[in-house]
Every structure is written in C-alpha cells, then in structure tokens.
**Student:** 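Below is a structure I'd like to ask you about.
Basis for what follows: all heavy atoms, side chains included, without hydrogens, waters or symmetry-related copies.
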Amino acid sequence: MSELRFTVDHEWLRVENDGQVTVGVTHFAQDALGDVVFVQLPELGSYSQGDEVAVLESVKAASSIAMPVDGEITAINPELEDNPERVNEAPLGEGWFFRMQLADSSVLDSLMDEAAYDRFLTATADA
C-alpha cells in the first residue's frame, strides 16, 4: 500500500504506470458507511479540488465524494453502477471510483502516505 496517498476525507489516490491517478475510498470510509447500495459516478471532465464528484448511498447514510485535487476525470468504474457492493468488498481494488489526470503532479507530495494516514486515524479515534 506504500504507493498510495490519502486525504483527510478518507480517499486514496494511486499513481498508475500510465501516469493516470486512480481514486477510491479507504477501508475506514467504507466501514463507516456500512453496506453501499448505490454509487453515482462523476461525469468526465475537469474539476477543482473540493468539487462534489460522486455520491455513495449506504444502508446508514448518503455521502459525497469530493475531488481530492485539481484535475481531469478521464475514466469511471462502470462496474460500480451494477455492483456498488464492490466498494465494501475491495475498496482499494475493484471498488475504485474514477481515474484522473492531475493538473499538478507535485500535489501528491502534500497528501499523506500510509504511515501518516495511520497516525491520522489513531489521532481522530483518540479525539
């Protein structure tokens, strides 16, 4: 998992071999949501960091997914439309949401690595 970067909103980003970045939600996020029953995926195109790009509905609640960094969404995971449970079954694998091209690749340096994310989770659990 060391190639992953994480946001405080419990999203993960993974740089792929082709330079694209795959985005999904963490184990923590999917566990907090409960069983995901619906995923509304984003439209392809450019977005700014913080823009709402997707919606998850679970048996517990609905949750918005924000664009983690500036960039262009170039692909979505169509598997989630018919099988939203993939988010729970494989959040770091087949449960990915979209692929994007970063507007500025140096932004990855500002995101948490796995060790920093683990410390973040511990700190928020203790608070």
**Student:** Would you sort out whether H10 and H27 count as a side chain to side chain contact (heavy atoms under 4.5 Å, CB included), showing the intermediate values?
**Tutor:** CA-CA 8 Å; H10 306 288; H27 282 288; over 6 Å; no
**Student:** Between the side chain of S48 and the main-chain N/O of D51, is any donor-acceptor distance below 3.5 Å?
**Tutor:**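 Not confirmed, S48 side chain does not pair with D51 backbone.
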**Student:** Could you measure the distance from the CE atom of M67 to the CD atom of E52? Nearest 0.5 Å is fine.
**Tutor:** 13.0 Å
**Student:** Give the C-alpha distance, both sets of side-chain angles, the deciding distance and a yes or no for side-chain hydrogen bond (donor to acceptor under 3.5 Å, both in side chains) between D9 and T7.
**Tutor:** CA-CA 5 Å; D9 295 324; T7 71; 4.8 Å; no
**Student:** Are the side chains of E114 and R5 in touch, meaning some heavy atoms are under 4.5 Å apart?
**Tutor:**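 Sidechains of R5 and E114: no contact.
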**Student:** Are I76 and L44 close enough that some pair of their side-chain heavy atoms sits under 4.5 Å apart?
**Tutor:**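 Yes; the side chains approach each other to less than 4.5 Å.
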**Student:** Applying the 4.5 Å side-chain criterion to the ILVMFWY set and letting contacts propagate, would V107 and L111 be lumped into a single cluster?
**Tutor:**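 V107 clusters together with L111.
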**Student:** Are the side chain of N88 and the backbone N or O of V36 linked by a donor-acceptor pair below 3.5 Å?
**Tutor:**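 Checked: pair present.
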**Student:** Please walk me through it: do W12 and Y117 pass side chain to side chain contact (heavy atoms under 4.5 Å, CB included)?
**Tutor:** CA-CA 10 Å; W12 57 262; Y117 183 68; over 6 Å; no
**Student:** Quick one: are F98 and N77 in side-chain contact, heavy atoms under 4.5 Å?
**Tutor:** no
**Student:** Determine whether more than 12 heavy atoms belonging to other residues, nucleotides or ligands lie under 6.0 Å from atom CD of E16.
**Tutor:**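 More than 12 heavy atoms, drawn from other residues, nucleotides or ligands, come within 6.0 Å of this atom.
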**Student:** Any side-chain heavy atom of I73 sitting closer than 4.5 Å to one from Y47?
**Tutor:**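 Answer yes - side chains close enough.
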**Student:** Is it the case that one hydrophobic cluster holds both V39 and F28, taking links as side-chain heavy atoms less than 4.5 Å apart, direct or via other members?
**Tutor:**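 As far as the 4.5 Å side-chain criterion goes, F28 and V39 are not connected within one cluster.
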**Student:** Does the side chain to side chain contact (heavy atoms under 4.5 Å, CB included) test come out yes or no for V25 and V87, once each step is laid out?
**Tutor:** CA-CA 8 Å; V25 296; V87 174; 3.8 Å; yes
**Student:** Using only atom types and a distance under 3.5 Å, with no angle test, would you say the side chain of D113 pairs donor to acceptor with the backbone of A115?
**Tutor:**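 At least one qualifying donor-acceptor pair exists.
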**Student:** Has E11 got a side-chain atom pairing as donor or acceptor with A66's backbone, closer than 3.5 angstrom?
**Tutor:**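 Yes, E11 side chain to A66 backbone: donor-acceptor pair under 3.5 Å.
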**Student:** Side chain to side chain contact (heavy atoms under 4.5 Å, CB included) between R99 and V21: does it pass, once the steps are laid out?
**Tutor:** CA-CA 5 Å; R99 292 202 170 104; V21 174; over 6 Å; no
**Student:** Do the side chains of M100 and L108 join up, straight or via other hydrophobic residues, at under 4.5 Å, putting them in one cluster?
**Tutor:**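 Per the 4.5 Å side-chain linkage, M100 and L108 are co-clustered.
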**Student:** Under 4.5 Å between any side-chain heavy atoms of M112 and V8, yes or no?
**Tutor:** yes
**Student:** Just by modelled atom types, is the Q20 backbone N or O under 3.5 Å from a matching donor or acceptor in the D18 side chain?
**Tutor:**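 Side chain of D18 to backbone of Q20: a pair is present.
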**Student:** Between L41 and W96, is there a shared hydrophobic cluster once you connect ILVMFWY residues whose side-chain heavy atoms come closer than 4.5 Å?
**Tutor:** no
**Student:** Between the side chain of D35 and the main-chain N/O of S58, is any donor-acceptor distance below 3.5 Å?
**Tutor:**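 The answer is no, because no donor-acceptor pair under 3.5 Å joins these two groups.
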**Student:** Examine distances only and state if a side-chain atom of R14 and a backbone atom of L92 form a donor-acceptor pair shorter than 3.5 Å.
**Tutor:** yes
**Student:** Under a 4.5 Å cut-off applied to non-hydrogen side-chain atoms, are V23 and P68 in contact?
**Tutor:** yes
**Student:** Is the number of heavy atoms from other residues, nucleotides or ligands under 6.0 Å of E94 CD greater than 12?
**Tutor:** no
**Student:** Find out whether L56 and L33 are in side-chain contact, i.e. whether some heavy atom of one side chain is under 4.5 Å from a heavy atom of the other.
**Tutor:** yes
**Student:** If you measure from CD on E89 to CD on Q30, what distance do you get to the nearest 0.5 Å?
**Tutor:**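 E89 atom CD to Q30 atom CD measures 10.0 Å (nearest 0.5 Å).
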**Student:** Between T74 and Q101, is a side-chain hydrogen bond (donor to acceptor under 3.5 Å, both in side chains) present by the stated rule, with each step listed?
**Tutor:** CA-CA 7 Å; T74 57; Q101 188 67 47; over 6 Å; no
**Student:** Got T26 and F6 here, is their nearest side-chain heavy-atom distance under 4.5 Å?
**Tutor:** yes
**Student:** Any link between L4 and L121 through a network of hydrophobic side chains (Ile, Leu, Val, Met, Phe, Trp, Tyr) touching at under 4.5 Å?
**Tutor:**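 Yes, because L4 and L121 connect within a single hydrophobic cluster, where side-chain heavy atoms sit under 4.5 Å apart.
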